[in-house]
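Presented below is the structure to which this report refers.
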2 protein chains.
Amino acid sequence: MTSGKPTLRDVANQAGVSPMTASNALHGKAGVKESTRAKVLAAAKKLDYRINLTASMLKSGRSNIIHIIVNEFDSPFYSKLTQALSHEITSRGLTPFIEQTQYSPDAAEHALTSNPFSGQLFDGEILHATGLGTNLPLAKLNGGRPLVLLDACEETPTVDAVNFPNEEGERAAMQYLIAQGCRNIAIVGHTFVPRAELAHAQNAFALRLRGACAALLDAGLPYDETMVFEGGCSDDGITAGHAIAERIMAARRADCGAGAGAGDRETGTAGTADFNNVSGEITGKSIETTDKIPAIAFDGVCCANDFAAFGVIRGLADYGIHVPQDVKVIGFDGVTSGTYTTPSLSTIQVDLDQLAKFAVDMIVERIERGEVNGNSSNAGNSNDAGTVLPPSRATIGYQLVERESTTAII
Amino acid sequence: MTSGKPTLRDVANQAGVSPMTASNALHGKAGVKESTRAKVLAAAKKLDYRINLTASMLKSGRSNIIHIIVNEFDSPFYSKLTQALSHEITSRGLTPFIEQTQYSPDAAEHALTSNPFSGQLFDGEILHATGLGTNLPLAKLNGGRPLVLLDACEETPTVDAVNFPNEEGERAAMQYLIAQGCRNIAIVGHTFVPRAELAHAQNAFALRLRGACAALLDAGLPYDETMVFEGGCSDDGITAGHAIAERIMAARRADCGAGAGAGDRETGTAGTADFNNVSGEITGKSIETTDKIPAIAFDGVCCANDFAAFGVIRGLADYGIHVPQDVKVIGFDGVTSGTYTTPSLSTIQVDLDQLAKFAVDMIVERIERGEVNGNSSNAGNSNDAGTVLPPSRATIGYQLVERESTTAII
DNA sequence: CTGAAAGCGCTAACAG
DNA sequence: CTGTTAGCGCTTTCAG
């Protein structure tokens, strides 16, 4: 046709072949004579032909689109995760489709089920599961399409999963803080869980808490509820930072009688109040002061993620407490901004590129076995036909990165 | 059919109506008897029917998907922009599809042209144009689908555009710094452009430079190449910060003969070196020192964006220069992390929610007029048929936000 | 208010 | 190696 976008038929006519041959030629399928292929490609180029993926998808049932579901875009962790996944998917000739749930489990469930795109458009899905209810019947939810869970921490995953080195990583972080001389270390990331119950930890932050606890006990240091604060994002971190600062202030008051008020956040004078450096061997804990704030001379904070760590540093600064001079802080994740904040942030850097590779490998394997859109109709290109691959599982690596926030003051 | 996913026909059969009636009922079209609609909805629910968007798109030529193209995900600005656009699009019942170009103009052009999804799948596109070559034949590039350019700053846009308050905003930032008592203010964001040539500024950063320059001249302060540094991201910002710090150090040496070396970044002792506060009326500039570094006692830095501002603060800290004690720093954009960094960042906060509203309004208007997929075949639901809407244009608002990085030290 | 017919553009399956 | 046939699931069009 002369008007509108050129179709495959137009290309075929132009090249003097059938639509089918044109299709095969364009897709680089074997079994097309070179001269024929050349004719077709020339025709396509001349007409500026662009395949109609909509039609292609309808017929073939494949879209080559991988659905990525994360909590939000505007967070240092998720923006990095998204970028890593996106890059890996693109580099394999697939297309990423990214959706955010704004931390709503309902939205996540919707994204996997009711959303019509999910229902029939995507070849596979990658879900960062934190915050999703435990043990949802996930394999059912998404209609049997390939699904990879990130950091879901289920004991017996029913679907493919890539996990973070939660326990080992946080243990390493805490050990490092102890090696740096810290003795009163706050933990930020999860509400307090008694040591005994830590065995049942089923989510990322609880596992990190378990790792931190283990390192404390190994070192003969106490683990109790006065040192544990909730905190998964910067706001929580600020709140935790304030609470930690108040305990430090209480300890200072108890110690030497010198008092000082908190600075004001937006117009404050952070940086002018000068306290004595209290790091080192002071271990005076839990001295109840008159205003009920436990007096603890914290000298370190072990955070469950970098996002919260930034908040902790901010919250401490609101009280004129400096990192690393007064308190050392370590995060977890290794987000990009940790390299250029002031102080730069020591962290457990996880390998998100590796995570992306694992996750996409898992999906691609299932796609190639034909486990797309519910039917495991093996297209005959695989060895053991009909059987569905059992869920696989991987854990990514980590690296302790030392930056200013835990630097020894010389 | 009993096996496979239920189709519209299955629903129609179950409800005892024709597929067409089922379709109309499900889409909430007027002219379906309530009892009939109820029957259809019940049938759909019973069968767990999910529309096949692929088929729907093929037939109707509409996808309700809006394509968003940005430079990258893992940057404080783009992650916030993406989130704002995504939210606005979702709230209107449309679906965002986000793509990153990694700052490659080729990738951006590809996203708009060769990419088969762009060709036929998307109903409209939103492109953050910074870095794209000037005056590309954009309207042609995307085949006539609705396209909105963000911050493209073309004098005569050929397509819809939403711009940032670049010149006014940066002018306000600089005026504020001057009002705070700064007299030697560095500008970070764009290579130096002589005052006369600033009239031709055609991109966001050049316009911001123009605004900063105007404020300087208004205040009777000089504007020359010793005070202007390139910098659009944190790395550039760090480099600029180092250069600025070196000039400050040179000035200090020239002033009082006291020297100090730079701290080391990863293991350094930032925060221990204590210099005199040099803010205030010192205006000794351009004193050439022996090692060729101009001696300038900078007391303020006006940055073209927050991302670079973080880098500047970091770069200054590498030399033991503190913000805001020694130098005040202001950014531009109002990224989320500026609220929780230490120091928190003063900035020109732009209204990205407003931007998202404007952009989506423009797209939706064109979609509803039928300007989708090249054909402006007016579906009769609009007033003036056939005519194509002329390009529209909007500029978003801003707000000066004072935080710690420009706080007066009392 | 409801239904029948036709076909969007492509590709799986098979036939030559 | 190439072509023919049929139809994916929906919606536009037009007739009841």
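Note: hydrogens, waters and symmetry copies are ignored here, and every other heavy atom, side chains too, is used.
- Of all nucleotides in DNA chain C having an atom under 4.0 Å from a heavy atom of chain A, the first and last in 5' to 3' order are C:dG9 to C:dA13.
- Evaluation of the side-chain hydrogen bond (donor to acceptor under 3.5 Å, both in side chains) rule for B:Ser91 yields no partner, not counting sequence neighbours.
- Taking the salt bridge (Lys or Arg N to Asp or Glu O under 4.0 Å) definition, one finds that A:Glu88 meets it with A:Arg92, A:Lys357, sequence neighbours left out.
- A:Asp48 meets the salt bridge (Lys or Arg N to Asp or Glu O under 4.0 Å) test with A:Arg50; sequence neighbours excluded.
- Panel note: side chain B:Thr21, backbone B:Val17; no donor-acceptor pair is recorded below 3.5 Å.
- Scanning for side-chain hydrogen bond (donor to acceptor under 3.5 Å, both in side chains) contacts around A:Gln100 gives an empty result, with sequence neighbours left out.
- Partners of A:Phe358 under the ring pair (Phe, Tyr, Trp, His ring centres under 6.0 Å) rule, at least two apart in sequence or in another chain, do not exist in this structure.
- A donor-acceptor contact closer than 3.5 angstrom is absent between the side chains of A:Thr95 and A:Asn64.
- Judged by distance alone, the side chains of B:Asp160 and B:Ser392 do bring a donor and an acceptor atom under 3.5 Å apart.
- Legend: residues meeting ring pair (Phe, Tyr, Trp, His ring centres under 6.0 Å) with A:Tyr49, ordered by chain and number and at least two apart, are absent.
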Can you pull every protein N or O that's under 3.5 Å from an N or O on nucleotides 8-10 of chain D?
| unit_1 | atom_1 | unit_2 | atom_2 | d |
| --- | --- | --- | --- | --- |
| D:dC10 | OP1 | B:Tyr49 | OH | 2.3 |
| D:dC10 | OP1 | B:Asn52 | N | 3.4 |
| D:dC10 | OP2 | B:Leu8 | N | 2.4 |

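- For the helix from C:dC1-D:dG16 to C:dG16-D:dC1, the terminal axes (five pairs an end, C1' atoms, rotation from four pairs onto the next four) enclose an angle of 30°, given to 10 degrees.
- Under the rule for a salt bridge (Lys or Arg N to Asp or Glu O under 4.0 Å), the partners of A:Asp151 that lie at least two apart in sequence or sit in another chain are A:Arg208.
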Polar atom pairs between nucleotides 1-4 of chain D and protein, under 3.5 Å, N or O only, would you list them?
| unit_1 | atom_1 | unit_2 | atom_2 | d |
| --- | --- | --- | --- | --- |
| D:dT2 | OP1 | A:Thr36 | OG1 | 2.6 |
| D:dT2 | OP2 | A:Lys33 | N | 3.0 |
| D:dG3 | OP2 | A:Ser18 | N | 2.8 |
| D:dG3 | OP2 | A:Ser18 | OG | 3.3 |
| D:dG3 | OP2 | A:Thr21 | OG1 | 3.0 |

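- Checked against side-chain contact (heavy atoms from CB on, under 4.5 Å), B:Ser63 has the following partners two or more places apart in sequence or in another chain: B:Met57, B:Ile65, B:Leu121, B:Asp123.
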